[in-house]
Participant: 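Take a look at the following structure, please.
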Amino acid sequence: MDHSGHDLGVTFLDLDDLSDEDQFIKEQVHKIAFEVVRPASVQLDRMAPGERILEGSPYYAVMNRLKSLGYHKLFLPPEYGGGEGEVTPITLAVVLEELGWGSLGLATSFLVDMMPFLTIAYFGNDDLKEKYLKPWIDDEVGAYHGCWAITEPDHGSDYLTVRGQKEKYSPKGQLIATQANSGWILTGQKSAWVSSGPVATHAAVHAQAGADGDLHHSFFAIVDLSSEGVRKGKVQDMLGVKDDPQGEIFFDEVFVPAENILVAPSPIYPVFGDQLLCVTSASIANVAVGLARAAFEEALNHSRTRMQGGGPISDHKNIKLTLYSMFEKIETARAYARKANYHVRNHALLGFQGGSTGASPRHTRTAQIYAKRIAFEVAHDAIQVLGAFGLSRESIAEKLFRDARCLLIEDGTLEILAFDAVGDVLSNYENSSYQLEEVMAQW
Ligand SMILES: Cc1cc2nc3c(=O)[nH]c(=O)nc-3n(C[C@H](O)[C@H](O)[C@H](O)COP(=O)(O)OP(=O)(O)OC[C@H]3O[C@@H](n4cnc5c(N)ncnc54)[C@H](O)[C@@H]3O)c2cc1C
């Protein structure tokens, strides 16, 4: 094996002692990430925003390839072939890390595609499963593509912190649902940052129920985006994550049948939103570890071959310490991200009972915050190790750095996630407080 780290079939040393099945899937997904996902992501990164979603775009080739390989099925509940037998939370974490290694944007698209359909699997009735879930599971030609339409032009962080703000702040939504005979009518819009919004066929939509309500009084529904009255905005031109098309979705009196409301406007809604953020936090954490590892490997490979000061730069102490620090961050983030993924798979989805058994907000937010932060730091350090080459478009490190910067905002800013985590700590962390003098007197 050479030191490129790209030898296919290479055995990666993993602290978790991956089972043979997990090792196999890791190598398989890495091969796809290396041969398909990353090249397509670089191509998309260099295309004009509108071009990225035209017919024949590499975006669709990647999405269809991932579907044809059945990676999405691993995330389904056991009755649909996922999460059973050899598929464990580690398997899912491994898949997400390898996809994150290939591309943050395309890994994000892979995740949001699942959002409407996975929630149908857990919360939908048989009719919905027949109508949407089953065709999505078997779709390999892009006939079904999901997105998660939550944020609005005036509500980014607000929507993600519905849980903690109820008493103090009741923001009014910009997507309002009014009750009709056999369903609801949606009017308004979602933000320009909805991942895969411009290409999605179906959306998992959060909407405020009634014009007099607020974001706390919302519901979660599946909306067919071919419905009359749906309009899409242009593809945004962002700093990074250009391989994940982002754009607005407008709703002009769009009818949503009552059976498509998966979580009704009720006290359960904020609990559901909170639990959903536990799941996305654990997923994004594992993807972030993949991005960080990609940056680290670029730096490592370069340091072994770049000659300066009479030898490879890896001989210099500053480079050695930088590489160690990158390695330490990735290993610790991976351990926590996998643990969080294990936790949510056991508590948030399979164990979700209307709030009685839920995943831990403070732990999952911490996993997301830590992994996102170290991904940015590692991507930053990689450029320093690569020197000017790291700033060049010829180096993947340049793209990784831009993507890592976007990651600090995607799925909640670090600050907002931290406020959310510490809110949970302040409300729910129990410990044995004691007066030192009293304890000493009894000792
Ligand atoms: C790559 C990417 C992908 C995304 N994908 C999706 C998607 O699939 N679906 C979707 O709906 N949205 C998506 N988003 C939107 C994302 O969730 C929001 O951008 C994010 O939650 C922050 O909201 P905002 O951008 O409106 O910033 P704002 O909420 O306006 O925040 C601006 C700044 O103010 C701070 N701030 C805000 N509120 C408070 C407060 N109460 N207290 C203290 N500080 C505060 C924030 O920390 C931040 O620094 C995506 C964003 C990105 C970058």
Side-chain angles (χ1 to χ4, degrees), residues 41 44-45 49 52 100 103-116 118-119 145-171 173-175 188-200 202-208 215 218 220-221 223 225 232-233 235-251 273 276-277 279-281 283-284 287-288 291 365 368-369 372-373 375-376 399-423:
S41 84
L44 287 160
D45 186 60
R52 297 175 207 146
S103 153
L104 169 64
L106 291 165
T108 301
S109 296
F110 174 77
L111 282 172
V112 296
D113 171 41
M114 291 196 275
M115 187 62 92
L118 266 188
T119 41
H145 192 324
C147 70
W148 184 23
I150 173 167
T151 58
E152 299 172 349
D154 291 349
H155 307 115
S157 305
D158 281 354
Y159 236 123
L160 295 172
T161 53
V162 159
R163 185 177 70 93
Q165 300 186 339
K166 190 157 180 57
E167 304 306 324
K168 295 173 273 177
Y169 181 48
S170 303
Q174 287 168 290
L175 181 61
Q189 75 165 98
K190 288 295 173 180
S191 79
W193 327 125
V194 175
S195 295
S196 305
V199 291
H202 295 79
V205 172
H206 297 248
Q208 177 183 309
L215 291 192
S218 294
F220 179 89
V223 179
L225 296 178
K232 307 276 190 71
V235 180
Q236 295 299 309
D237 198 8
M238 310 291 278
L239 170 75
V241 203
K242 293 171 190 272
D243 36 9
D244 168 29
Q246 292 178 271
E248 294 149 313
I249 307 177
F250 300 94
F251 301 82
L276 206 53
L277 196 51
V279 179
T280 60
S281 289
S283 300
I284 292 284
V287 169
L291 190 162
R365 305 305 187 265
Q368 179 176 181
I369 293 165
K372 289 191 336 186
R373 188 194 296 136
F376 179 68
K399 176 178 183 297
L400 293 172
F401 180 66
R402 285 185 286 113
D403 287 352
R405 185 61 188 85
C406 297
L407 191 53
L408 301 183
I409 293 171
E410 175 174 350
D411 207 42
T413 65
L414 293 198
E415 306 89 306
I416 289 299
L417 292 167
F419 285 144
D420 205 24
V422 80

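Only heavy atoms go into these numbers, but all of them, side chains included; no hydrogens, no water, no symmetry mates. Both counts, for ligands and for their atoms, begin at 1 and track the order of listing.
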Participant: May I ask you to test the Arg365-Phe419 pair for a side-chain heavy-atom distance under 4.5 Å?
Facilitator: no
Participant: Nearest to atom 28 (P) of ligand 1 by heavy atom, Ser157, Gly156, Ala192: which?
Facilitator: Ser157
Participant: Do the rings of Phe220 and His206 sit parallel, tilted or perpendicular, given the 30° and 60° boundaries?
Facilitator: perpendicular
Participant: Flag Trp193 as yes when one of its N or O atoms lies below 3.5 Å from any N or O atom of ligand 1, and as no otherwise.
Facilitator: yes
Participant: Does an N or O anywhere in Ser191 fall below 3.5 Å from an N or O of ligand 1?
Facilitator: no
Participant: Just to verify, which of Asp403, Asp237, Asp45 counts as forming a side-chain hydrogen bond (donor to acceptor under 3.5 Å, both in side chains) with Lys242?
Facilitator: Asp237
Participant: Where does Glu410 meet ligand 1, judged by heavy-atom distances below 4.0 Å: at the side chain, the backbone, both, or neither?
Facilitator: both
Participant: Under a 4.0 Å heavy-atom limit, does Thr413 contact ligand 1 with its side chain, its backbone, both, or neither?
Facilitator: side chain
Participant: Side chain or backbone of Gln246 under 4.0 Å from ligand 1, or both, or neither, by non-hydrogen atoms?
Facilitator: side chain
Participant: Give the atoms of ligand 1, by number and element, whose distance to some non-hydrogen atom of Ile150 is under 4.0 Å.
Facilitator: 10 (C), 11 (O)
Participant: Within ligand 1, which atoms have a heavy atom of Ser195 less than 4.0 Å away?
Facilitator: 3 (C), 4 (C), 5 (N), 6 (C), 7 (C), 8 (O)
Participant: Look at atom 12 (N) of ligand 1 and find which of Leu239, Thr151, Asp154, Ile416 reaches it with the closest heavy atom.
Facilitator: Thr151
Participant: Near Ile409, which atoms of ligand 1 are under 4.0 Å from a heavy atom of that residue?
Facilitator: 19 (O), 20 (C), 53 (C)
Participant: Please report the interatomic distance CG(Leu407) to CD1(Ile284), rounded to the nearest 0.5 Å.
Facilitator: 6.5 Å
Participant: Check Tyr159 against ligand 1 and report side chain, backbone, both or neither, counting heavy atoms closer than 4.0 Å.
Facilitator: neither
Participant: How long is the straight-line distance from OG of Ser195 back to CG of Leu106, given to the nearest 0.5 Å?
Facilitator: 11.0 Å
Participant: For ligand 1, is there an N or O atom under 3.5 Å from any N or O atom of His155?
Facilitator: no
Participant: Based purely on interatomic distance, does Asp244 place a nitrogen or oxygen under 3.5 Å from a nitrogen or oxygen of ligand 1?
Facilitator: no
Participant: Among side-chain atoms of Thr108 and Glu410, is any donor-acceptor pair under 3.5 angstrom?
Facilitator: yes
